[in-house]
Amino acid sequence: MKIIITGSLGNIGKPLAQNLIASGHDVTVVSSNADRKSDIENLGAKAAIGSVSDADFLASTFARADSLFAMTPPNLGGSNVISNTANAGKAFAAAINKAGVKRVVMLSSIGADLEKGTGPIVGLHQIEKIYNGLENTAVTFLRAGFFLLICITMYL
């Protein structure tokens, strides 16, 4: 399968990429940091360097993908954290529709089912609502307080 991982090579993306590559999948890792390109390629994955707020970049990256692990990084140091997070989710949704991705696993959070009172997690709540509107795409939300890598791999 062709699988896209967003969230670069952090504590989630790197072991997930390693696991999927070891299982024989064609993996592309999305990062906003050009310095990560060689690290991504050294794992055996393709690197896609660009912004998760750029729907055209995402659609190009998602083209012909069977599955997407969507991790929308919060902009906690910036202003308008919730709207910035939700806007990235809108870019993801537009790209998913344009590319025709059929399977999405979104790393969300405990509390994302709540409309208010959860701080920055409200942005994830908004993204879940956006993703629920995707047509012809099966979406799984992982509302993790913690999670097991094997669970993510199961859903992709």
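For the single chain, residues carry numbers from 1 onward in sequence order. Values below: all heavy atoms of this structure, side chains included; hydrogens, waters and symmetry mates excluded.
Looking at residues two or more places apart in sequence or on another chain, you find a side chain to side chain contact (heavy atoms under 4.5 Å, CB included) between Ala55 and Ala91, Ala94. Residues passing the salt bridge (Lys or Arg N to Asp or Glu O under 4.0 Å) test with Asp54, sequence neighbours excluded: none. The side chain to side chain contact (heavy atoms under 4.5 Å, CB included) check on Thr61 picks up Ile4, Thr28, Val30, Ala48, Phe57, with sequence neighbours excluded. Every residue meeting the side chain to side chain contact (heavy atoms under 4.5 Å, CB included) condition with Val122, not counting sequence neighbours, appears here in chain and number order: Ile82, Thr118, Gln126.
Minimum interatomic distance between Ala88 and Ser53 (heavy atoms only, all atoms of both residues): CB-OG, 4.0 Å.
A donor-acceptor pair under 3.5 Å is formed between the side chain of Lys2 and the backbone N or O of Ala63. Using modelled atom types, no side-chain atom of Thr72 and backbone atom of Thr85 make a donor-acceptor pair closer than 3.5 Å. Between the His25 side chain and the Met1 main chain, a donor and an acceptor come within less than 3.5 Å of each other. Side chain of Thr137 to backbone of Leu134: no donor-acceptor contact under 3.5 angstrom is found.
Ring pair Tyr131/Phe92 is tilted by interplanar angle, where 30° to 60° counts as tilted.
Within the structure, every pair that satisfies the salt bridge (Lys or Arg N to Asp or Glu O under 4.0 Å) test and touches residues 124-135, not counting sequence neighbours, is listed here: Glu128-Arg143.
Proximity of Leu68 to Ile3: side-chain heavy atoms (C-beta onward) are nowhere separated by under 4.5 Å. The shortest side-chain heavy-atom distance between Ile12 and Leu107 falls under the 4.5 Å cut-off. Taking 4.5 Å as the limit, every side-chain heavy atom of Asp113 sits out of range of all side-chain heavy atoms of Phe141. Annotation: side chain of Met106 is in contact with side chain of Ile127 (closest heavy-atom distance under 4.5 Å).
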Distance-only donor-acceptor pairs under 3.5 Å for side chains of residues 37-44, two or more places apart:
unit_1 : atom_1 : unit_2 : atom_2 : d
Lys37  : NZ     : Glu41  : OE2    : 3.0
Asn42  : ND2    : Ser38  : O      : 3.1

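Exactly one residue among Val29, Asp26, Val27 makes a side-chain contact (heavy atoms from CB on, under 4.5 Å) with Leu20. That residue is Val27.
When hydrophobic clusters are built by joining Ile, Leu, Val, Met, Phe, Trp and Tyr residues whose side-chain heavy atoms come closer than 4.5 Å, directly or via intermediates, Ile5 is not grouped with Ile49. Hydrophobic clustering (ILVMFWY, side-chain heavy atoms < 4.5 Å, transitive): Ile121 and Val52 are in distinct clusters.
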